[in-house]
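Report on the following structure.
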Number of protein chains: 2
Amino acid sequence: MATVDGMALGKDYATQECSIARALEIIGERWTLLVVRDALYGVRRYNDFLVHLGIPRAVLAARLQTLTGEGILEKRRYQQSPPRDEYVLTERGRALWPTLRALGLWGREHFTETQLRYFRHADCGTELGPYGECPACKAVVPLEDVVMEPGPGLDRAPADPVSRALLKRKRLLEPLETEPA
Amino acid sequence: MATVDGMALGKDYATQECSIARALEIIGERWTLLVVRDALYGVRRYNDFLVHLGIPRAVLAARLQTLTGEGILEKRRYQQSPPRDEYVLTERGRALWPTLRALGLWGREHFTETQLRYFRHADCGTELGPYGECPACKAVVPLEDVVMEPGPGLDRAPADPVSRALLKRKRLLEPLETEPA
DNA sequence: ACACCTTGGTTCAATGACCGAACTGACAGT
DNA sequence: ACTGTCAGTTCGGTCATTGAACCAAGGTGT
């Protein structure tokens with residue numbers, strides 16, 4: 001049983017001939033989709049992912065490398081003087097938004113009592129439908145035109161600064177501004 | 001065996017206040033979404049999941065138990081004489097179809113060369129859109145009205161009988177008929 | 001009655017993934 | 001020179017997954 005594939009990333013589903021299985025080989029590992037979610041919410045820096053997710057450092061480093069290698073995130077330098085990099089979503093990464101939207105809606109309807117966040121079409125204020133479309137405009141809303149705002153179920157005074165920054169009404173992908181320590 | 005503790009299934013994301021994280025605690029473990037996918041395709045029996053997925057027996061048993069416990073699958077007796085049970089999707093489980101559709105489409109567009117399966121609206125033959133809706137009828141198609149059929153990329157002579165049975169054009173959820181050995 | 005098959009599991013040792021804490025290294029500010 | 005921040009790497013322990021073997025209940029064939 002040779003793995004046809006040369007590089008053998010983590011956990012594969014070798015016997016499966018299925019695009020769902022292929023997708024899960026890439027983004028099905030623990031923490032991975034939460035990293036992508038945070039990136040959609042505007043998180044870009046290693047340390048912000050770290051404190052917001054509560055993920056072990058080694059695992060975060062591994063996930064960022066895999067996601068970068070698969071073309072879902074892109075690592076780029078945003079300042080020179082102390083050299084600092086940030087991780088931003090590529091087109092391929094942004095294309096995961098409908099999946100995450102559907103998954104979040106499923107989670108909310110079946111396992112959450114209160115609404116945690118609202119996602120609305122910036123142009124008209126309508127809450128998004130199950131795959132990220134605007135029911136009023138009847139069109140898929142580009143990520144930049146989606147505003148996220150906290151719902152009643154969300155803790156108003158979270159411990160970590162990233163969660164606090166995410167309480168502010170903002171657009172998807174808009175870089176997160178954390179409080180200066 | 002397992003989780004004596006009230007709930008606390010395996011891997012949680014304790015710090016996350018997010019319906020995506022809640023969802024991933026339930027269906028984010030390895031193999032779980034593939035079990036749900038197979039169930040949507042009409043697989044119902046332990047042995048069919050086993051040979052189709054190539055999953056270790058212990059893991060399959062654990063996943064079926066978790067999914068049953070979370071109300072995603074329901075275990076029910078379908079014959080008495082040799083007592084046999086089957087696992088069928090509940091409403092909560094069927095509600096995962098849009099998520100899996102979105103995920104599969106993402107996988108196909110970014111990591112697959114050829115089309116493996118088509119999913120069409122039975123009434124009009126139109127291929128489904130990215131969240132399981134019919135672009136022609138402009139409505140979400142109920143699962144029973146979705147026909148799946150093999151695409152050009154799918155192996156025509158797979159080794160296991162479940163994959164062979166899945167080559168037949170059939171509707172979602174329609175129970176799979178494997179060849180008698 | 002006896003052997004043997006199918007279905008649906010459970011048990012076990014070995015491997016691999018994940019965990020938290022400590023350590024490293026590059027740079028900046030004082 | 002010392003302190004602090006950021007972005008990792010290293011390390012020992014723990015937990016999940018794996019494949020193979022074992023088990024049990026209920027047929028079927030002779």
Side-chain angles (χ1 to χ4, degrees), chain A residues 1 3 8-15 24-25 28-35 43-68 73 75-87 160-162 176 178-181, chain B residues 1-5 8-15 24-25 28-35 43-68 73 75-88 160-162 176 178-181:
Chain A
M1 300 255 149
T3 27
L9 29 126
K11 343 193 85 180
D12 62 344
Y13 299 104
T15 74
L24 288 173
E25 288 174 0
E29 283 176 300
R30 185 156 159 73
W31 295 110
T32 303
L33 275 181
L34 293 185
V35 171
V43 176
R44 294 182 168 198
R45 291 158 57 168
Y46 180 93
N47 220 41
D48 288 348
F49 287 111
L50 195 71
V51 307
H52 187 230
L53 293 174
I55 183 180
R57 306 178 81 89
V59 177
L60 177 58
R63 294 297 182 271
L64 290 173
Q65 205 177 333
T66 301
L67 286 169
T68 304
L73 293 178
K75 183 179 189 169
R76 70 177 186 213
R77 181 133 313 178
Y78 69 94
Q79 69 176 32
Q80 297 293 343
S81 73
R84 292 283 181 260
D85 299 318
E86 62 185 1
Y87 295 88
D160 73 286
V162 177
L176 193 72
T178 49
E179 316 144 21
Chain B
M1 22 200 341
T3 50
V4 184
D5 186 315
L9 29 129
K11 346 192 87 180
D12 62 345
Y13 299 103
T15 73
L24 288 172
E25 289 174 0
E29 283 176 302
R30 185 156 157 75
W31 297 110
T32 303
L33 274 181
L34 293 185
V35 171
V43 176
R44 294 183 167 196
R45 290 158 58 167
Y46 180 93
N47 220 41
D48 288 348
F49 286 111
L50 196 71
V51 307
H52 187 230
L53 294 174
I55 183 179
R57 307 177 80 89
V59 177
L60 177 59
R63 295 296 183 271
L64 290 173
Q65 206 176 335
T66 301
L67 287 169
T68 304
L73 293 177
K75 183 177 189 170
R76 70 176 186 212
R77 181 132 313 177
Y78 68 95
Q79 69 175 33
Q80 297 293 343
S81 73
R84 293 281 182 262
D85 298 318
E86 62 185 1
Y87 294 89
V88 290
D160 73 286
V162 178
L176 194 72
T178 48
E179 316 144 20

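Residue numbering restarts at 1 for every chain, and letters A, B, ... go by the order of the sequence lines. Quick note: numbers below take in every heavy atom, side chains included, and nothing from hydrogens, waters or symmetry partners.
When rounded to the nearest whole Å, the span between CG of L60(A) and C1' of dT9(D) equals 13 Å. A straight line from CD of E29(A) to C1' of dC18(C) spans 11 Å, rounded to a whole angstrom. In this structure, E25(B) atom CD and dA16(D) atom P are separated by 14 Å, rounded to whole Å. If you measure from atom CZ of R77(A) to atom C1' of dC27(C), you get 12 Å, rounded to the nearest angstrom. As rounded to whole Å, 14 Å separates atom P of dT17(D) from atom CG of L53(B). The separation between Q65(A) atom CD and dT9(D) atom C1' is 12 Å, rounded to whole Å. Protein atom CG of L50(B) is 11 Å distant from nucleotide atom P of dG9(C), rounded to whole Å. Per the geometry, CZ belonging to R63(B) stands 18 Å off C1' belonging to dG8(C), to the nearest Å.
Across dG9(C), dG26(D), dG8(D), the shortest atom-to-atom separation from the side chain of K75(A) is found for dG8(D). Checked against dG26(D), dC18(C), dT5(D), the side chain of P83(B) finds its nearest nucleotide in dG26(D). You'll find that the side chain of P82(A) is closest to dA28(C), out of dT9(D), dA28(C), dG8(C). When each of dT10(D), dC6(D), dG8(D) is scored by its nearest atom to the side-chain atoms of A61(A), the top-ranked nucleotide is dG8(D).
Residues W31(A) and L53(A) approach most closely at CZ3-O, 3.5 Å, considering heavy atoms. Smallest separation of non-hydrogen atoms from H52(A) and T15(B): O-OG1, 4.0 Å.
Applying the 4.0 Å criterion to OP1 and OP2 of dG8(D), one finds that Y87(A) has a side-chain N or O inside that range. Between N47(A) and dC6(D), a side-chain N or O to OP1/OP2 separation shorter than 4.0 Å is present. Phosphate contact (OP1/OP2 of dC18(C), side-chain N/O of R57(A), threshold under 4.0 Å): absent.
Considering R45(B), R77(B), R44(B) in turn, R77(B) is the only one that fulfils the salt bridge (charged side-chain N to carboxylate O under 4.0 Å, His left out) rule with D85(B).
F49(A) comes within 4.0 angstrom of nothing in the nucleic acid, heavy atoms only. As judged by a 4.0 angstrom heavy-atom cut-off over every strand, V59(B) is placed among the base-contacting residues. Counting any heavy atom pair closer than 4.0 Å across all strands shown, R30(B) reaches sugar-phosphate atoms only and no base atom.
Nearest-nucleotide positions on DNA chain C for Q80(A) and W31(A) put W31(A) closer to the 5' end. Residues P56(A) and R45(B) both approach DNA chain C. Their nearest nucleotides, taken by heavy-atom distance, put R45(B) toward the 5′ side.
Side-chain N or O atoms of T32(A) include none that pairs as donor or acceptor with a backbone N or O of G28(A) at under 3.5 Å.
With Y46(B) as the aromatic partner, R84(B) does not meet the cation-pi criteria of under 6.0 angstrom to the ring centre and within 45 degrees of the ring axis.
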